[in-house]
Amino acid sequence: MKLIYKINRSRRRRSLAIKVARGEVSVQAPWRMPETQIREFVEHKRDWIMRHLDRQQQQLQALPERTWQSGEQIRWLGQPLTLVVSEATRKSCERVGDELQVVITSRSNPETEPKATIVRWYKAQAQHWLDEFFASWPQQHELNPVAWSIGSFTGKWGHCTRKAELKFSWKLWLAPEWVVRDVVIHELCHLREFNHSRKFWALVAQHSPDYQRAEAWLRQHGMTVLNPQFLDYAETGQAD
């Protein structure tokens, strides 16, 4: 079987690296490295690549592509909500029981507006969740951000700036709440340790003793939760 992959060259890179994401393979390579050398490297890693490709493609095939229309399900803190899209004079989005009721107007684009309305709802709800979390976060931990906000990152869950500001992707709130909490604590710990050293992970373990379980969940489901085509994950039978 022929491996299809994309080569991304960089003048700053000194070695080869392979990335398998969203069912696709890319190779990060130094600017002037010969393609024959790159092909040899990829062939050497073929078994590793195929294992990851197979696992990811199985995950993708287990999920329907997102359409943002009535009847579809989307998760809030891991719990599936059924979308109910209707039309009225004013746009709105509200959770009612196990439904997420989305209202668009007659002037709205029925293909794009439900998504825009839902994403706004997620951002507002995620911001409210963060506000409540930090209102109860003990000040004595001395891990206190100056600000926090919700954004639309494409390939990461959150970010801590040098100015002690925390930013998170709204997509994080598709995950179970225990995973969300771990990611927030992870970024909080970067306020003291701006790295991923042993000291950093020891600090994370101090505030989130079960963090390794959450890290495993993120590695397993991140590909589909962060993917705008799916924004979901398949149940595995484990504690999702």
Side-chain angles (χ1 to χ4, degrees), residues 6 21-24 26 56-57 59-135 145-161 163 165-177 179-181 183-184 187 217-218 221-235 240:
K6 180 181 179 181
R22 300 181 182 179
E24 299 178 350
S26 62
Q56 291 187 6
Q57 288 171 354
Q59 284 182 276
L60 295 173
Q61 291 168 4
L63 296 170
E65 290 198 26
R66 191 155 294 287
T67 64
W68 305 97
Q69 300 303 317
S70 286
E72 188 174 321
Q73 289 193 326
I74 190 168
R75 296 177 188 269
W76 169 255
L77 293 176
Q79 300 302 311
L81 302 177
T82 301
L83 298 185
V84 178
V85 182
S86 60
E87 189 178 297
T89 57
R90 173 182 284 184
K91 299 175 187 177
S92 66
C93 187
E94 180 183 11
R95 178 181 179 179
V96 180
D98 292 332
E99 293 183 346
L100 190 60
Q101 299 181 357
V102 185
V103 179
I104 62 175
T105 68
S106 58
R107 295 183 179 182
S108 302
N109 184 326
E111 295 184 0
T112 60
E113 187 56 40
K115 176 182 178 180
T117 301
I118 293 167
V119 170
R120 284 194 296 270
W121 181 85
Y122 267 84
K123 288 182 176 180
Q125 295 300 310
Q127 184 68 49
H128 179 67
W129 189 98
L130 282 178
D131 293 344
E132 289 195 333
F133 176 90
F134 287 117
V146 299
W148 50 88
S149 61
I150 303 296
S152 296
F153 299 137
T154 58
K156 60 183 178 180
W157 305 105
H159 178 63
C160 175
T161 74
K163 297 180 179 180
E165 298 171 339
L166 302 185
K167 300 180 180 181
F168 299 92
S169 170
W170 66 268
K171 299 171 188 176
L172 175 61
W173 277 262
L174 296 165
E177 191 163 19
V179 176
V180 176
R181 181 180 174 83
V183 172
V184 174
E187 297 304 331
W217 192 98
L218 294 166
H221 297 298
M223 180 191 66
T224 56
V225 176
L226 291 171
N227 190 328
Q229 286 182 272
F230 301 98
L231 295 169
D232 198 1
Y233 62 90
E235 303 286 355
D240 281 344

Checking Gln101 now: which residues fulfil side-chain contact (heavy atoms from CB on, under 4.5 Å) with it, not counting sequence neighbours? Val84, Val96, Glu99
Could you grab the distance from atom CZ of Phe168 to atom OG of Ser152, nearest 0.5 Å is fine? 14.5 Å
If you define the side chain from C-beta out and look only at heavy atoms, does anything of Lys167 sit under 4.5 Å from Phe153? yes
Are Trp68 and Thr117 side-chain neighbours, meaning at least one heavy-atom pair lies under 4.5 Å? no
Are any of the side-chain heavy atoms of Lys156 and Ser169 separated by less than 4.5 Å? no
Counterpart residues, side-chain contact (heavy atoms from CB on, under 4.5 Å), relative to Glu87 (two or more places apart): Ser106
Mind listing the closest non-hydrogen atom pair of Gln73 and Pro80 along with its distance? OE1-CB, 3.8 Å
Which residues share a side-chain contact (heavy atoms from CB on, under 4.5 Å) with Val103, sequence neighbours left out: Ser86, Ala88, Ser92
Which residue pairs satisfy the ring-ring contact (aromatic ring centres under 6.0 Å, His included) criterion with at least one member in residues 85-111, sequence neighbours excluded? none
Test of understanding: with ring-ring contact (aromatic ring centres under 6.0 Å, His included), list the residues that count as partners of Trp148, not counting sequence neighbours. Phe134
Give a yes or no on this: more than 12 heavy atoms of other residues, nucleotides or ligands lie within 6.0 Å of atom CG of Asp98. no
So CD1 of Ile104 and CD1 of Ile118: to nearest 0.5 Å the spacing works out to 10.0 Å
Going by ring-ring contact (aromatic ring centres under 6.0 Å, His included), name the pairs with one or both residues in residues 86-123, residues two or more places apart or in two chains. Trp76-Trp121, Trp76-Tyr122, Tyr122-Trp170
Within the 4.5 Å heavy-atom criterion, are Val146 and Glu165 side-chain neighbours or not? yes
side-chain contact (heavy atoms from CB on, under 4.5 Å) partners for Gln79, two or more places apart: none
Distance from Leu166 atom CG to Leu130 atom CG, nearest 0.5 Å? 8.5 Å
Residue pairs fulfilling salt bridge (Lys or Arg N to Asp or Glu O under 4.0 Å) with at least one residue in residues 103-132, sequence neighbours excluded: Lys91-Glu113, Glu113-Arg120
Determine the minimum heavy-atom distance between Leu231 and Leu174, stating which atoms define it. O-CD1, 3.6 Å
Do Trp129 and Phe133 have ring centroids that are under 6.0 Å from one another? yes
Nearest 0.5 Å, please: how far is CD1 in Ile150 from NZ in Lys171? 13.0 Å
By side chain to side chain donor-acceptor pair (under 3.5 Å), which residues pair with Ser70, not counting sequence neighbours? none
Hey, does Trp157 have a side-chain heavy atom less than 4.5 Å from the side chain of Val180? no
Heavy-atom closest pair, residues Leu81 and Gly97: CD2-O, 4.0 Å
Would you call the rings of Tyr233 and His221 parallel, tilted or perpendicular, taking 30° and 60° as the class edges? tilted
Residues two or more places apart in sequence or in another chain: which of them pass side chain to side chain donor-acceptor pair (under 3.5 Å) with Arg66? Glu72
List in chain and number order the residues that pass side chain to side chain donor-acceptor pair (under 3.5 Å) with Glu94, two or more places apart in sequence or in another chain; answer none if no residue qualifies. none
Under the rule for salt bridge (Lys or Arg N to Asp or Glu O under 4.0 Å), what residues qualify as partners of Arg75, not counting sequence neighbours? Asp232, Glu235
